Protein chains: 2
Amino acid sequence: MTAGAGLARQAIGASPGAPLTLSLPEQIAARLSERIIAGTYAPGRRVMEQAVSAEFGVSRGPVREALRLLEKDGLVTILPRRGAQVTRLSIAEVREIFDIRAALNGLRDRQIAEDPDRGRLLPMLEDNVARLAGLARDPGEGDEYIETVFELNRLLNDATPNRRLRAILSSLALQTLRYSRLGLATVGRRQQSAGNWQRLVKAVREGDGLEAQRAAEQRVLDSRDAAIRELEKT
Amino acid sequence: MTAGAGLARQAIGASPGAPLTLSLPEQIAARLSERIIAGTYAPGRRVMEQAVSAEFGVSRGPVREALRLLEKDGLVTILPRRGAQVTRLSIAEVREIFDIRAALNGLRDRQIAEDPDRGRLLPMLEDNVARLAGLARDPGEGDEYIETVFELNRLLNDATPNRRLRAILSSLALQTLRYSRLGLATVGRRQQSAGNWQRLVKAVREGDGLEAQRAAEQRVLDSRDAAIRELEKT
DNA sequence: GTCAATAAGATTGTTGACAATACTACACGC
DNA sequence: GCGTGTAGTATTGTCAACAATCTTATTGAC
């Protein structure tokens, strides 16, 4: 109702060769993914084509395609003849995704640590890691700690020459975002996280690829264990 | 022309909850993927909606969806307003995919080696690896060596409890299938490959997760280097 | 001869209607 | 009371036509 018809063709910029405007399905997917990530659409909630198409004032075709895009990112699950629903992950599935992220983050950060021109990246990494240490002690600052962690991940992702790795990692990180947040609720956990980041950036600075890989894996695995501990509380 | 209308709803069986019949888009995607994998559709070839829809006797809707499915597996690349074409990978992209495969195969095989009930799997692995050694010496046997390697990968994939890992690995393996084959053309390379497999299965037998991981990574990286050597010849 | 503007054709994007299937509530028999 | 069959409704799947955009061939100017 509130959104109404007429989604503007706004430019955000993406991969090369692609046009600067988001296609209609991409715009719809973007709007829906905001709600899923924010939790407005809770896991398990059905997302029905007609309702979405009515809200945005488009036909069901683009909506179908938008839902397929969200499925590709794991945000919704589509069952034949039963439509889409916001993905609900079991604890085992959360663990699986974190395990994959650990392996791939290890690859990403090892390659970055072994990159001769990582010099330009380092100051920004060190900047954010320094901020992290301060924020870890004070959980009251709301999302600032988490925002900084995201910024670090964004920096490292953008520094990865392997585009496909970047795409997979972004998708997996999105799927577990909610759970990463869940695991960063306590001061102790934040200090552990900050320590892992320090270890990682130190390895990058020194060009120690293997140590960077180990640090990255440990960081994600700690994140995994913290998230699962929270999930098992309920 | 030869295919004609009326795709039968044949059952192949897939994930739980899903119906036993393949949906129309899935059937179309399956038919197209055969051709792409077999090379009938060469990299770079455009796959136009109208042509496909005419051949299979369906409207363009299901065809569009089939192409999105193939895009998800990396078999075609879709450019906005320009349609789909069979994915053409640069050497750098081939390297990227192999690097990801190495990391994830390492994860897969480490977890398998550390699995207490890997006993039932071992005889089948050892069987195939033994066959590999004999086949490596005789490149004239056509695809039998490669078939055995695929069987080994299938066994390991099916043994992985991590479903998402399985899905990602299957997709990436499919994308590089053509190049893996390319790298297995010589006797020397096959012997190297067979040696890597022996090392891997030995580690699985002994329950040495780290060694299994290292062997798996080495196996894929050797495969990568062989493929790239072939690609750079031209 | 080369380049740019333009027009014709080809192709993808979107729409609304119809078909097929799945879900829900209710009645009926045991 | 409980399970089963059935009708009605809701929802997804497919289709054919129309709109928007891109590609290609042609023409003209320099």
Side-chain angles (χ1 to χ4, degrees), chain A residues 3-11 14-32 41 44-72 76-87, chain B residues 3-11 14-32 41 44-72 76-87:
Chain A
L7 293 173
R9 296 245 160 180
Q10 62 187 13
S15 33
L20 280 74
T21 58
L22 264 61
S23 73
L24 202 44
E26 284 170 334
Q27 288 180 65
I28 298 167
R31 299 284 292 269
L32 293 178
Y41 284 3
R45 166 169 179 157
R46 293 187 64 181
V47 184
M48 284 178 289
E49 296 175 0
Q50 195 181 30
V52 177
S53 84
E55 185 192 353
F56 291 116
V58 297
S59 73
R60 277 175 50 223
V63 174
R64 277 178 78 82
E65 203 162 319
L67 291 174
R68 297 316 191 269
L69 291 174
L70 294 176
E71 187 195 27
K72 202 162 59 173
V76 305
T77 303
I78 296 177
L79 294 174
R81 294 266 175 211
R82 271 186 241 179
Q85 58 177 341
V86 178
T87 299
Chain B
L7 293 173
R9 298 245 160 180
Q10 61 186 13
S15 33
L20 279 72
T21 59
L22 264 61
S23 74
L24 202 43
E26 284 170 335
Q27 289 179 66
I28 298 167
R31 299 283 293 268
L32 293 177
Y41 284 4
R45 165 169 178 158
R46 292 187 63 183
V47 183
M48 285 179 291
E49 296 175 0
Q50 195 183 29
V52 177
S53 83
E55 183 192 353
F56 291 115
V58 298
S59 73
R60 278 175 48 223
V63 174
R64 278 178 76 83
E65 203 162 320
L67 291 173
R68 299 313 191 272
L69 291 174
L70 293 177
E71 187 195 26
K72 202 163 57 172
V76 305
T77 304
I78 297 177
L79 294 173
R81 294 267 174 209
R82 269 185 241 180
Q85 58 177 348
V86 178
T87 300

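Predicted model only: the values in this text are computed from it and were never measured. In what follows, every heavy atom counts, from backbone to side chain, and hydrogens, waters and symmetry copies are set aside. Letters A, B, ... mirror the listed sequences (proteins, then strands); counts begin at 1.
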Could you list the residues that satisfy side chain to side chain donor-acceptor pair (under 3.5 Å) with B:Gln85, not counting sequence neighbours?
none

Round to the nearest Å and state the distance from B:Glu65 atom CD to D:dG13 atom C1'.
9 Å

Return the value, rounded to whole Å, for the distance between atom CD1 of B:Ile28 and atom P of D:dG13.
14 Å

Between C:dG13 atom P and B:Gln50 atom CD, what is the distance in whole Å?
14 Å

Does B:Arg68 place a side-chain N or O at less than 4.0 Å from the phosphate oxygens OP1/OP2 of C:dG13?
yes

For nucleotides 23-25 of chain C, list the nitrogen or oxygen atoms of the protein found under 3.5 Å from its nitrogen or oxygen atoms, one pair per line.
from: C:dC23; atom 1: OP1; to: A:Arg82; atom 2: NE; distance (Å): 3.1

Can you tell me how far CD of A:Glu26 sits from CG of A:Leu24, rounded to the nearest 0.5 angstrom?
10.0 Å

Pick base, sugar-phosphate or nothing for B:Gly61, based on heavy-atom distances below 4.0 Å to the nucleic acid.
nothing

What is the separation between atom CD on A:Glu49 and atom P on C:dA17, rounded to the nearest whole Å?
17 Å

Output the rounded distance in Å from CG (B:Leu67) to C1' (C:dG13).
14 Å

For the pair made of CG in B:Leu79 and P in C:dA10, what is the distance, rounded to whole Å?
22 Å

How long is the line joining CD of B:Gln85 and P of C:dT12, in whole Å?
11 Å

Whole-Å distance separating the CZ atom of A:Arg64 from the P atom of D:dC15:
12 Å

Distance col, row A:Glu71:CD vs B:Arg68:CZ, nearest 0.5 angstrom, shows 13.5 Å

Let me know which of A:Val52, A:Leu69, A:Leu22 forms a side-chain contact (heavy atoms from CB on, under 4.5 Å) with A:Ile28.
A:Val52

In terms of side-chain heavy atoms of A:Arg60, which of C:dT15, C:dA17, C:dG13 is nearest?
C:dA17

Are the side chain of A:Glu49 and the backbone N or O of A:Arg64 linked by a donor-acceptor pair below 3.5 Å?
no

Can you find a pair of side-chain heavy atoms, one from A:Met48 and one from A:Arg46, that are under 4.5 Å apart?
yes

Side chain of B:Leu24: nearest nucleotide among D:dT14, D:dT11, C:dG13?
D:dT14

Kindly compute the distance separating OG1 (B:Thr77) from CG (B:Leu67), expressed to the nearest 0.5 Å.
11.5 Å

